[in-house]
Amino acid sequence: MSQEQWTAVDRYFTDQLAPADEALTAALAAADAAGLPAINVAPNQGKLLQLLARVQGARTVLEIGTLGGYSTIWLGRALPDDGRLISLEYDATHAEVARASLARAGLDKIAEVRTGPALETLPVLEAEGAGPFDFVFIDADKPNNPHYLEWSLKLTRPGSLIVVDNVVRNGAVTDPTSTNPSVVGTREMIDLIAANPRLSATAIQTVGVKGYDGFLLARVLA
């Protein structure tokens, strides 16, 4: 199958099962107008995150990598009115776009975007006692995936779910000789998960409007 066919199938499923609404459309438009890279999750992927968080019964969500807040909206809508979502974003411009989009979606009371390097913000969350989080979505700079995983384990509980995006790297994840920092970081993270008895995990390949990639699911056991 071709990229064109993958995209057509994604659009069919999205139109039928995850149609856009005003807030989601506006979030994408605001991100585009601000010059943010178009690397947000696809709509059907956003709906999957929302369903996973709902199945999990999540009341608290940690997102590492906000971008323009598109995935944050999907996740925020999975939470009850007294739920809490904290999203970490390195770039101040991205964070401002996301905050405006979350407010437009009516989620600014439960969703908070913190700005700065995540590896500096995560220790602050731990010191504040912000966890444990029921659901963690990691979608930031891939070289730091091993560190994000380690912090996710510190900030979750038995039964929490961790989802990591973009783990296939267009198939390059299978190359042990790769020097690409994103591939190296992803492989190191997978090695850590495979060796950790506290985690039960799997990874799924995907094709679609975003090309060839995939995501990882890990449940915290103890």
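Residue numbers count from 1 along this sequence.
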**Prompt:** For Lys109, does the NZ atom sit with more than 12 other heavy atoms under 6.0 Å from it, leaving out its own atoms?
**Reply:** no
**Prompt:** When you look at CD of Glu4, are more than 12 heavy atoms from neighbouring residues, nucleotides or ligands closer to it than 6.0 Å?
**Reply:** no
**Item:** Common cluster, Val220/Leu192, ILVMFWY with side-chain heavy-atom separation under 4.5 Å
**Value:** yes
**Asked** Taking it one step at a time, do Asp10 and Asn44 satisfy side chain to side chain donor-acceptor pair (under 3.5 Å)?
**Response** CA-CA 7 Å; Asp10 255 11; Asn44 53 344; 2.9 Å; yes
**Request:** For residues Gln3 and Gly208, report the shortest heavy-atom separation together with the two atoms involved.
**Result:** NE2-O, 2.7 Å
**Request:** Only pairs at least two apart or in different chains count here, so list each salt bridge (Lys or Arg N to Asp or Glu O under 4.0 Å) that has a residue in residues 134-149.
**Result:** Asp134-Arg157, Asp139-Lys142
Just list the side-chain donor-acceptor pairs under 3.5 Å for residues 116-126, sequence neighbours left out, or say none.
{"from": "Thr121", "atom 1": "OG1", "to": "Pro117", "atom 2": "O", "distance (Å)": "3.2"}

**Request:** Determine the sole option in Asn196, Leu199, Ile190 for which the side chain to side chain contact (heavy atoms under 4.5 Å, CB included) test with Leu149 is passed.
**Result:** Leu199
**Request:** Report the C-alpha separation of Arg198 and Leu153 in whole Å, then their side-chain angles, then the decisive distance to 0.1 Å, and conclude whether the side-chain contact (heavy atoms from CB on, under 4.5 Å) test is met.
**Result:** CA-CA 9 Å; Arg198 293 184 58 203; Leu153 284 171; 3.9 Å; yes
**Reported CG-to-CD distance for the pair Asp91 and Glu96, which is rounded to 0.5 angstrom** = 10.5 Å
**Item:** Polar side-chain atom of Thr174 near backbone of Gly171 as donor-acceptor pair, under 3.5 Å
**Value:** yes
**The single option from Glu128, Glu63, Glu89 passing salt bridge (charged side-chain N to carboxylate O under 4.0 Å, His left out) against Arg114** = Glu128
**ILVMFWY cluster membership beyond Leu49 - transitive side-chain contacts under 4.5 angstrom** = Leu24, Leu28, Val41, Leu48, Leu52, Val61, Tyr70, Ile73, Trp74, Leu75, Leu79, Leu85, Leu102, Leu107, Ile110, Val113, Phe135, Phe137, Leu161, Val163, Ile204, Phe215, Leu217
**Prompt:** Are Ile193 and Leu62 linked, directly or through other ILVMFWY residues, by side chains that come within less than 4.5 angstrom of each other?
**Reply:** yes
**Item:** Verdict with reasoning, Asn40 to Ser71, per side-chain contact (heavy atoms from CB on, under 4.5 Å)
**Value:** CA-CA 7 Å; Asn40 51 276; Ser71 57; over 6 Å; no
**Asked** Same cluster or not: are Val209 and Val207 linked, directly or through other Ile, Leu, Val, Met, Phe, Trp or Tyr residues, by side-chain heavy atoms under 4.5 angstrom apart?
**Response** no
**Request:** Taking the side chain as every heavy atom from C-beta outward, state whether Arg169 and Ser182 have any atom pair closer than 4.5 Å.
**Result:** yes
**Fill in**
What one should report as the nearest heavy-atom pair of Gln56 and Ser160 is NE2-CA, 3.5 Å
**Message:** On a heavy-atom basis, which atom in Ala140 and which in Gly65 lie closest, and how many Å separate them?
**Reply:** CB-CA, 4.0 Å
**Item:** Transitive ILVMFWY side-chain link Tyr12 to Leu17, under 4.5 Å
**Value:** yes
**Request:** Please tell me if the side chains of Ile64 and Ser152 come closer than 4.5 Å, counting only heavy atoms from C-beta onward.
**Result:** yes
**Flag, side chain of Thr66 to backbone of Gly69, donor-acceptor distance under 3.5 Å** = no
**Prompt:** Partners of Asp81 by side chain to side chain donor-acceptor pair (under 3.5 Å), sequence neighbours excluded?
**Reply:** none
**Asked** side-chain contact (heavy atoms from CB on, under 4.5 Å) between Glu112 and Ser87: does it pass, once the steps are laid out?
**Response** CA-CA 6 Å; Glu112 173 189 1; Ser87 188; over 6 Å; no
**Asked** If you take all heavy atoms of Pro146 and Pro143, which pair is closest and at what distance?
**Response** CD-O, 3.5 Å
**Message:** Is it true that Thr177 and Asp175 share a donor-acceptor pair across their side chains at a distance under 3.5 Å?
**Reply:** yes
**Asked** Between atom OG1 of Thr186 and atom CG of Asn166, what is the distance when rounded to the nearest 0.5 Å?
**Response** 8.0 Å
**Set of salt bridge (Lys or Arg N to Asp or Glu O under 4.0 Å) partners for Arg187, sequence neighbours left out** = none
**Asked** Can you get from Tyr148 to Val167 by hopping between Ile, Leu, Val, Met, Phe, Trp and Tyr side chains that sit under 4.5 Å apart?
**Response** yes
**Complete:** Here the pair of heavy atoms bringing Ala18 nearest to Lys47 is CB-CB, 3.7 Å
**Asked** Taking side chain as C-beta onward, heavy atoms only, is Phe133 less than 4.5 Å from Ile86?
**Response** yes
**Prompt:** Looking at Arg59 and Asp82, does any basic side-chain N land under 4.0 Å from a carboxylate oxygen?
**Reply:** yes
**Asked** Tracing side-chain links under 4.5 Å among I, L, V, M, F, W and Y, which residues wind up in one group with Val97?
**Response** Leu36, Ile39, Leu67
**Prompt:** Ile162 and Val164: side-chain contact (heavy atoms from CB on, under 4.5 Å), yes or no, with the steps?
**Reply:** CA-CA 7 Å; Ile162 301 169; Val164 187; 4.2 Å; yes
**Complete:** Here the pair of heavy atoms bringing Ala38 nearest to Lys210 is O-NZ, 3.3 Å
